[in-house]
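Numbered from 1 within each chain, the chains take letters A, B, ... in sequence-line order.
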Amino acid sequence: MQLDVLYFAWVRERIGIAKEQVSTDARTVADLVKELSAREERYQVAFQDMTVVKVAVDQVLVSLETPLGRAKEVAFFPPMTGG
Amino acid sequence: MQLDVLYFAWVRERIGIAKEQVSTDARTVADLVKELSAREERYQVAFQDMTVVKVAVDQVLVSLETPLGRAKEVAFFPPMTGG
Amino acid sequence: MSISVQSDDFDLGAEVAALADGNGDIGAVVTFVGLVRDTTGGALLSMELEHYPGMTEQALAEIELAATKRWSLSASRVIHRYGNLKTGEQIMMVATASPHRKDAFEAAEFLMDYLKTDAPFWKKEHFKDSTKWVDSKADDDAAKDRWS
Amino acid sequence: MSISVQSDDFDLGAEVAALADGNGDIGAVVTFVGLVRDTTGGALLSMELEHYPGMTEQALAEIELAATKRWSLSASRVIHRYGNLKTGEQIMMVATASPHRKDAFEAAEFLMDYLKTDAPFWKKEHFKDSTKWVDSKADDDAAKDRWS
């Protein structure tokens, strides 16, 4: 499966890029996080405490256990601070 | 005692004037209401239901039982509808 | 803290800008604007606003002071108009500025609840061949009572 | 119902006027304006607002729709800026218009509480020789939870 993976705010800064294409067989968001973290240290640093990382699949907030299904876009970011 | 007595909104319309000078020995607001009501019917009409008439003595909201003391200005009006 | 009772209209944006100007500690401004509402669906010709000069300013100042004591407010503003207004015209505004949104929201609601019951304004609706003094609402007393 | 995500500033007075225009049934408009706040007493150079284009608009539209279902709203407006802003600049606004003030107040608070936790915006403070991502607040989750 081909995914667009997006990073925002300090997640983006730690990983060093805003967007990348990822080929993966990850079943859930948690699987994808594990896979990326195993890849390079910068991912491991960004994802070390997933209680402060939020996830959106196809622009909808989801939990780590959410299956990726036919997702096209996954985004990781800190809790929001707008307003 | 010389008092400026003011009327607002439908109290003013029923009594027919916005302001008058009243010479009175009334001890409380209630006494003044009784005195005015005895004077002419238009006062009696305006004051017939004192649960819907509010009173201010020297521009401060008070109850009917409030002594007039050294008051200079007494005002009668309906419940407020500003805002 | 600032109060105006006036017949002229006001510019909400300019009032809020003036409130926040030069105070870097303000993070939140809440405003309420009251507009002339036509509940008859088109029959209202105008709304007449009467007030009690002198007492009005004093009552508003007391309400504003009470809000300032209760919440962390950096600034506040109350403007209330009198005279003849048309449907859709601005009747009044309150604005509250605070470091935090909770204070700004609560203080604005408090100002409105007290203004409704304690500030000596009266509204009269003018129709083609009749007039009607707007009734006060039991709701308004209930809204005020929640703060005590 | 209308949403804008933009780098440009906005004119609060004009937005409120447009919201109420031509609708004689609106008696109350509540607005919230968020401003760039300098909590350091002068050291803040600028506040950078980042967002997630696409998701932002979708999230704001959902929040606005939820408010519309829950309260009697005649109109509402949400504007949120992104980019680099200076101390005192307007970051965002919500406005709610209703026949009644209670609906307008509650809906505005609801919009703000959900916007804080569900709309993908992030703030970064820039100082002379450092930067800091603004932390989210546990308070904000609590504020949102009171509506459920």
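- Among pairs with a residue in residues 4-38 of chain D, those fulfilling ring pair (Phe, Tyr, Trp, His ring centres under 6.0 Å) read C:Phe105-D:Phe32, at least two apart in sequence or across chains.
- In this structure, chain C has a heavy atom under 4.5 Å from the backbone of D:Val36, while its side chain stays farther away.
- Checked against side chain to side chain contact (heavy atoms under 4.5 Å, CB included), C:Ala59 has the following partners two or more places apart in sequence or in another chain: C:Pro120.
- In this view, D:Ala17 satisfies the side chain to side chain contact (heavy atoms under 4.5 Å, CB included) rule with no residue, not counting sequence neighbours.
- The choice from D:Ala108, D:Ala97, D:Ala95 that makes the most heavy-atom pairs within less than 4.5 Å of chain C is D:Ala108.
- Ranking D:Gly13, D:Gly42, D:Gly41, D:Gly27 against chain C, the residue ahead of the rest is D:Gly27, based on heavy-atom pairs under 4.5 Å.
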Distance-only check: which donor-acceptor pairs of chain C and chain D lie under 3.5 Å?
from     : atom 1 : to       : atom 2 : distance (Å)
C:Gly24  : O      : D:Asp38  : N      : 2.9
C:Asp25  : O      : D:Arg37  : NE     : 3.3
C:Asp25  : OD1    : D:Arg37  : NE     : 3.3
C:Gly27  : O      : D:Leu35  : N      : 3.0
C:Val29  : N      : D:Val33  : O      : 2.9
C:Val29  : O      : D:Val33  : N      : 2.7
C:Thr31  : N      : D:Thr31  : O      : 2.9
C:Thr31  : O      : D:Thr31  : N      : 2.9
C:Thr31  : OG1    : D:Thr31  : OG1    : 2.4
C:Val33  : N      : D:Val29  : O      : 2.7
C:Val33  : O      : D:Val29  : N      : 2.9
C:Leu35  : N      : D:Gly27  : O      : 3.0
C:Arg37  : NE     : D:Asp25  : O      : 3.3
C:Arg37  : NE     : D:Asp25  : OD1    : 3.3
C:Asp38  : N      : D:Gly24  : O      : 2.8
C:Arg101 : NE     : D:Asp113 : OD1    : 3.4
C:Arg101 : NH1    : D:Asp140 : OD1    : 3.1
C:Arg101 : NH2    : D:Asp113 : OD1    : 2.7
C:Asp113 : OD1    : D:Arg101 : NE     : 3.4
C:Asp113 : OD1    : D:Arg101 : NH2    : 2.7
C:Asp140 : OD1    : D:Arg101 : NH1    : 3.1

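- Ranked by heavy-atom pairs under 4.5 Å with chain C, the first of D:Ala14, D:Pro99, D:Ala20 is D:Pro99.
- Within the 4.5 angstrom heavy-atom criterion, only side-chain atoms of D:Val16, from C-beta onward, approach chain C.
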